[in-house]
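Taking it in order: structure first as structure tokens, then the write-up.
Basis for what follows: all heavy atoms, side chains included, without hydrogens, waters or symmetry-related copies.
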Amino acid sequence: MSTVDVHEGFSAEERAAMKDHAKELKAATRRGTRADKAAEAERDVLAKIAEMEDSDRIMAERVHTVVTAHAPALAPKLWYGMPAYALDGKVVCFFQSAAKFKARYATLGFSDLARLDEGAMWAAGFALTEVTPEVEERIGGLVERAVG
């Protein structure tokens, strides 16, 4: 008799993120003007940030401020229950809190739409333990490049 690996499926955190994403997609189909939807999306992002634990919340607030200042073309929106920033509706970068996925650090991630290419290999995700002025400067440069 052979043993078979048992696949346990998605974690509770991953299932919760997928449910969040389904709600986000449903909310996006609601009727309203483009400006109303954009304002609601930003309110949703700020509300989600406000719900985060202290260190994640502080970092997410700083990331939000830096991204919106350095890349105003990116529109805030929720993506899998986390703050994200999109160009023409497609996510370019996102913040993932450490607490949501029980990780050691928060993450600033970039999708394949971000123009961060450097040769044959480049970073698409960055661990965050603190957002210092130097980190803010680096994030600003990354998001400017991402949409440039």
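Using a 4.5 Å heavy-atom cutoff, the side chains of I139 and V63 are in contact. Counting heavy atoms from C-beta outward, Q96 and F101 have side chains that approach closer than 4.5 Å. V45 has its side chain within reach of L78: a pair of non-hydrogen atoms, C-beta onward, lies under 4.5 Å apart. Between V135 and L128 the shortest side-chain heavy-atom distance falls below 4.5 Å. With a 4.5 Å cut-off on side-chain heavy atoms, E61 and F95 do not count as touching. You'll find the side chain of H70 stays beyond 4.5 Å of the side chain of R145, heavy atoms only. V91 has its side chain within reach of W79: a pair of non-hydrogen atoms, C-beta onward, lies under 4.5 Å apart. Side-chain contact between P83 and H64 is absent, with no heavy atoms from C-beta onward closer than 4.5 Å.
When all heavy atoms of A41 and P76 are compared, the pair lying nearest together is CB-O, 3.5 Å. For the residue pair A98 and A106, the shortest heavy atom distance occurs at CB-N, 3.6 Å.
S97 places no side-chain N or O within donor-acceptor distance of the main-chain N or O of D56, the cut-off being under 3.5 Å. Counting only distance, with no hydrogens or angles, the side chain of S111 and the backbone of L113 share a donor-acceptor pair below 3.5 Å.
Ring-plane geometry between F110 and F126 is classed as perpendicular, the angle between the planes exceeding 60 degrees on a 0 to 90 degree scale with a lower cut at 30.
When the salt bridge (Lys or Arg N to Asp or Glu O under 4.0 Å) test is applied to D54, the partners found at least two apart in sequence or on another chain are R57.
Open room surrounds CG on D88; 12 or fewer heavy atoms of other groups in view lie less than 6.0 Å from it.
Between the CZ atom in R34 and the CG atom in D36 there is a gap of 12.0 Å [rounded to 0.5 Å]. Here the CG-CG distance, from L116 to L142, works out to 6.0 Å after rounding to the nearest 0.5 Å. Considering CE of M52 and NZ of K100, their distance stands at 8.5 Å, rounded to 0.5 Å.
Connection of V66 to Y105 is not established within any shared hydrophobic cluster, with ILVMFWY side chains joined at heavy-atom distances below 4.5 Å, either directly or through further cluster members. Under the 4.5 Å side-chain contact rule for hydrophobic residues, V143 and V147 share a cluster.
K48 and E51 are joined by a salt bridge, as a carboxylate oxygen and a charged side-chain nitrogen come within less than 4.0 angstrom of each other.
For residues 119-139, the side chain to side chain donor-acceptor pair (under 3.5 Å) pairs, not counting sequence neighbours, are R62-E136, T132-E134.
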CA sep, side-chain torsions, deciding dist, call: V131, I58, side chain to side chain contact (heavy atoms under 4.5 Å, CB included): CA-CA 8 Å; V131 178; I58 291 165; over 6 Å; no
